[in-house]
Every structure is written in structure tokens, then in C-alpha cells.
Protein chains: 2
Amino acid sequence: MHSIDSSSVQDYVKTIYGFTEWQETPITASQLAVRLAVANSSVTGMVAKLVELGLARHEKYGPITLTPAGLALGLAMVRRHRLIETFLVDHLGYSWDEVHDEAELLEHSVSDTFIERLDRKLGHPVRDPHGDPIPTPNGLISRPDAVRLDSLDDGHRARVARISDDNPAVLKFLAGHAVGLDTPLLVSGRGPFGALLTVAVGDGPGSATLQLGGELVAALWVESLGTHEGCTVATV
Amino acid sequence: MHSIDSSSVQDYVKTIYGFTEWQETPITASQLAVRLAVANSSVTGMVAKLVELGLARHEKYGPITLTPAGLALGLAMVRRHRLIETFLVDHLGYSWDEVHDEAELLEHSVSDTFIERLDRKLGHPVRDPHGDPIPTPNGLISRPDAVRLDSLDDGHRARVARISDDNPAVLKFLAGHAVGLDTPLLVSGRGPFGALLTVAVGDGPGSATLQLGGELVAALWVESLGTHEGCTVATV
DNA sequence: GCGTATGTTTAGGTATGCCGAAATACTCCT
DNA sequence: AGGAGTATTTCGGCATACCTAAACATACGC
Ligand SMILES: [Mn+2]
Ligand SMILES: [Mn+2]
Ligand SMILES: [Mn+2]
Ligand SMILES: [Mn+2]
């Protein structure tokens, strides 16, 4: 029979879980296909297998959700992925835009023992290099209460809490402009139709100004620090 | 077409290489099947693929040897395997009997970048936890001039240079009796037909005596230190 | 309500890597 | 040289996880 330690099964479940981590609505077959870079028909087949395995629920033509067992597996895989990323950055000198692909493969090959010993060596980190929370061995996870950067009004200060690691180029760009985890930002204005967001980076006197396009804005999640007096900027 | 980064191809090539590392004669199909725990017919098929890939030479019904390209791949895999084992012991607190299986999977999932950064972090080790030499990135390897323990005459002193990691139970037993890499041994006698070897462990005054059976003796490779005066024991 | 666009599933097929059973070659002993 | 026994290969099949093309459902606009 099928088995829970096929890397395909693991990636499917992890992706289904990941879709709802920073958003509400469950994933559909075609969205899953895009994220996994496989054909729609492959998803149909694999999801049927997940249902057989008791990992997912799926009514024909409906969205795909995880059962408790599937959620547990998804969280376990996310834990693996994020601990490995943390190790690569903290101990092997990787930059945060290099770690995702490496972790994507390694997560399937390490043992539970490896993960727990790694966790110990890393000092039980609570978030990965991109700010994503690391579940406990029992599957407990605490989402930082961050919001997307573009949900902030102009004049708001915020601290970067999480950057989506979907696109390495985005990560590279941000790092190149001194934007990282916990970097303070000030939303100073936006272009027409909210297309471009202008932010000041840092809180010191020599803070640079950045124009962030759609994909960059969508990748940045921040913890709001309220309005900084004297820095308010009129909303357009 | 076929590809060099299938984990099966890598394991086959690594195993073919490994067979001649501490011994002369090339491997045969059925020996390869035993080592890989697959059926003989699987070996026939896979070896044909290796030949197609330019990694191995094989005449029907003959032994299997590596081409230069195959040797390079074998050495690269051995390098990966041994660096990973070293990391597990040095940084994650694994014991030397636990690392083999973990490395057997990990070796296929890490990138070249990972391996070189790991090598750097480990300080460019020259041997793994079992005393096996670690090839350089260019495939250079220097075999320690060790001999099998049972090739020593009684009364000889020696230092453990390498222990075969084929059998975790052997490793566990030896560690439990204070035998590790570089442990000094004194061959003090042997049973009838050379079946059992008696060795004194350590060189201090409180050295324990061990009776080593066939598998243990075969697993131990030592560097001879010549005969220690005053400790010579008559050969039976 | 009806048709069409979109999303999803079905059907048929490919590649990889394994298996057991049957056929075939080699080896060694007499 | 012949035959027995062993090693190896061939053959047909299976499981996994993909694919494309075609069939089919659903949802939406008119
Ligand atoms: Mn993955
Ligand atoms: Mn991450
Ligand atoms: Mn392996
Ligand atoms: Mn080893």
C-alpha cells in the first residue's frame, strides 16, 4: 500500500498546509498544481491517494483540505523544512535566498532523530530565517500576528515580521537594500491605485527610501508599531 | 535520458567503488546484489544503465568495473557520505554506530555547495568517524597503510586505524569495550585455527583483555607498531 | 434558462527501478 | 569431453509518479 514517507506525499501535504498558513480559503486542485509545478491531472491522482491514506478530504470538484492526520504531517514537514533552513543560515553561511531549494530536498531525507538533535543544537529556534514560525515536535505553532505591508496606512511604522520565501530574487533584492527580519519600516506613501509603496528603511537618521512594487509588497509581512508622531504623511 | 543524479545510480557506483577500496578484486553482479539488497536481475538492468551512462564497464558474465567518470562519481559520493557522517558525530552527538544509515540517505539530497560548506565548517577532516579516508573535492584519496588485525603475529602492538561500518552491532560492541579509532592494541594470542584473537586494549597498566571473534577481527584494520619488548607471547 | 469559459477528472501512456521465474552461460569436477 | 551446479541474464510484471488529450462538471454572463 501507499506510504506516508514518499517525498511526493510529503510535498503535497506540506503545500496544502502552507496554502492556509497566511490566508483563509483552502487550496484548489489547480492552485496545488501550480505550486507543485505538476499537471492538474497529476494532482487529481495524488490527492486521491492522500484521501486513501487518510491525510486529506476531497469531494469531486471541491477544494482540498487536510484531516487531523494530514495536518500533523504537514506541520511535521514544515518543522523539518524550517529547522533545516535555520541550520543552513546559522551554521553553514547560507544567505536567506539560498536555503529554500536545499531544504526542499533535505526535508525528506533526514530522520526524526536528526531533526530533534538539530533542533537542540540550534537552541530550539521559534522562527526560521524568513520569520516563519517553527512548529513544536507535537505540532503546536504560534503565528506571529503580522499583516501584509500594504494593509498599513501611510505614516505607519512597522517591523518586518516575515518575508515570503517563494521568490529568491525578492529575498536577494530586500537583503541588498538592508531589509531583513525585524527591520523597522515607515510607510511614507504610495503611488496611484496602490501599485507602488514608498517606505523608509530603518529608524535612524540616515534611513534610505525604497519603492516597492507589487510582488515585493505582497511578500512582506509586518508587525504594526502604530503611527510615529511627526512622520505622518497625507494619504493620497 | 538517464541521469547521474538518481540515487540508485549513485548507490550502485558508490558500492562498486567501495568494494575495491580495501581489497583488490572487482565486484561481481551477485556480490553487488547482496550489498545493495536487491535481486540479481535488478543489478543486470542497472549495470546496463551505468554502462550506457559511461560510468561502468561490463562484459556479459564478467565482473563490473568503473570508468574514470564512474570512479569520479564514486569518490564524490564517498566524500559526501563520509563528510556527513563526520558532521553527525562531531556536531549532532551521534555515536559512530548510528551515522551510516542517516548518511546513506542524506548523501543523495545535499548539493555540492552544501558539501563544500560543511567541509569548511568541519575543518577539512581527512577521515570519517570509522577511519575511512575522505577524498578531496577533486577525487584524491590517500589510503592509510593499515592491515587487517588478524594479519598481525602475536605480540605485536598496533593502533586501530579503521573499523568497517558495515555492521552497527560490531561498532557498538567495540565502543562498549573502549575500542575506538587510534586505540592501541596488543595482540596477545589466538585460539585454534585463528578463530579467536585475544587482544589487550590500551597501553596503560589497567588494560583489559578482549576475545575477538571472526566478524570483529575482520572489521578491524590497524597500523602496526612492531613488537613491544617484554610483551611477546609465544605463538601457538 | 442556456451556452460558454474555466476548472477538474478520466483515459491512455511513459520512465524509473524494482521483483520472481525461466532460460542461458560459465566453471569445475570427473 | 560431459554434466552438475552456480552465476547471470532475459522476460513479463508491478508500483510510483508523472504526462497529454479528451471528456465532463460547474459557474457565470446574458
Ligand atoms: Mn520537498
Ligand atoms: Mn523559510
Ligand atoms: Mn545511499
Ligand atoms: Mn563511515
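When reading the values below, keep in mind they use all heavy atoms of this one structure, side chains included, and skip hydrogens, waters and symmetry mates. Throughout, a chain's letter reflects where its sequence line sits, starting with A, and its residues are numbered from 1.
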Task: N/O (side chain, B:Lys60) to phosphate O (OP1/OP2, D:dT10) under 4.0 Å - done: yes
- [ ] Assign A:Ser30 to base, sugar-phosphate, or nothing according to its heavy-atom contacts below 4.0 angstrom with the strands shown.
- [x] sugar-phosphate
Open item on the list: I want to check one thing: is the phosphate of C:dT16, taken as OP1 and OP2, less than 4.0 Å away from some side-chain N or O of B:Tyr12?
Closed with: no
- [ ] Could you tell me whether B:Ala29 contacts a base, only the sugar-phosphate backbone, or nothing, with contacts defined as non-hydrogen atoms closer than 4.0 Å?
- [x] sugar-phosphate
Task: Nearest-nucleotide comparison on DNA chain D, the residue closer to the 5′ end among B:Thr28 and A:Ala37 - done: B:Thr28
Open item on the list: Can you tell me if A:Thr44 touches the phosphate of C:dT9, counting only side-chain N or O atoms and a distance under 4.0 Å to OP1 or OP2?
Closed with: yes
Open item on the list: Less than 4.0 angstrom between a side-chain N/O of A:Lys49 and OP1 or OP2 of D:dA17, yes or no?
Closed with: yes
Open item on the list: Is the distance from the ring center of B:Phe87 to that of A:Phe87 below 6.0 Å?
Closed with: yes
- [ ] Take B:Glu215 and B:Asn167 through the test side-chain hydrogen bond (donor to acceptor under 3.5 Å, both in side chains) and record every step on the way to the result.
- [x] CA-CA 9 Å; B:Glu215 196 175 359; B:Asn167 187 346; 2.9 Å; yes
- [ ] Starting at atom CD1 of A:Ile27, determine the distance to atom P of C:dG7, rounded to an integer number of angstrom.
- [x] 14 Å
Task: Basic-acidic side-chain contact under 4.0 Å: A:Glu104, A:Arg80 - done: no
Task: Single hit among A:Asp132, A:Asp128, A:Asp119 for salt bridge (charged side-chain N to carboxylate O under 4.0 Å, His left out) with A:Arg79 - done: A:Asp119
Task: N or O in side chain of A:Ser8 less than 4.0 angstrom from D:dC18 OP1/OP2 - done: yes
Open item on the list: C:dT9, OP1 or OP2 - any side-chain N/O from A:His58 closer than 4.0 Å?
Closed with: yes
Task: Gap between atoms CG and P, on B:Leu50 and D:dT9 respectively (whole Å) - done: 12 Å
TODO: Round to a whole Å and report the spacing from CD of A:Glu59 to C1' of C:dT8.
DONE: 14 Å
Open item on the list: Measuring to OP1 and OP2 of C:dT10, would you say a side-chain N or O of A:Tyr61 lies under 4.0 angstrom away?
Closed with: no
Open item on the list: Under a 3.5 Å cutoff, is there a donor and acceptor pairing between the side chains of B:Thr25 and B:Gln23?
Closed with: yes
Task: N/O (side chain, A:His2) to phosphate O (OP1/OP2, D:dT16) under 4.0 Å - done: yes
Task: Separation of atom CD in B:Gln31 from atom C1' in D:dA7, rounded to whole Å - done: 11 Å
- [ ] Would you kindly give the CE-to-C1' distance between A:Met46 and C:dT8, to the nearest whole Å?
- [x] 18 Å
Open item on the list: Whole angstroms only, please: what is the CG-C1' distance between A:Leu36 and D:dC19?
Closed with: 15 Å
- [ ] Grab the CG-P distance between A:Asp5 and D:dT16 for me, whole Å please.
- [x] 12 Å
Task: Side chain A:Ser41 and base D:dT20 donor-acceptor under 3.5 Å - done: yes
TODO: Measure from CG on B:Asn40 to P on C:dA21 and round the result to the nearest Å.
DONE: 13 Å
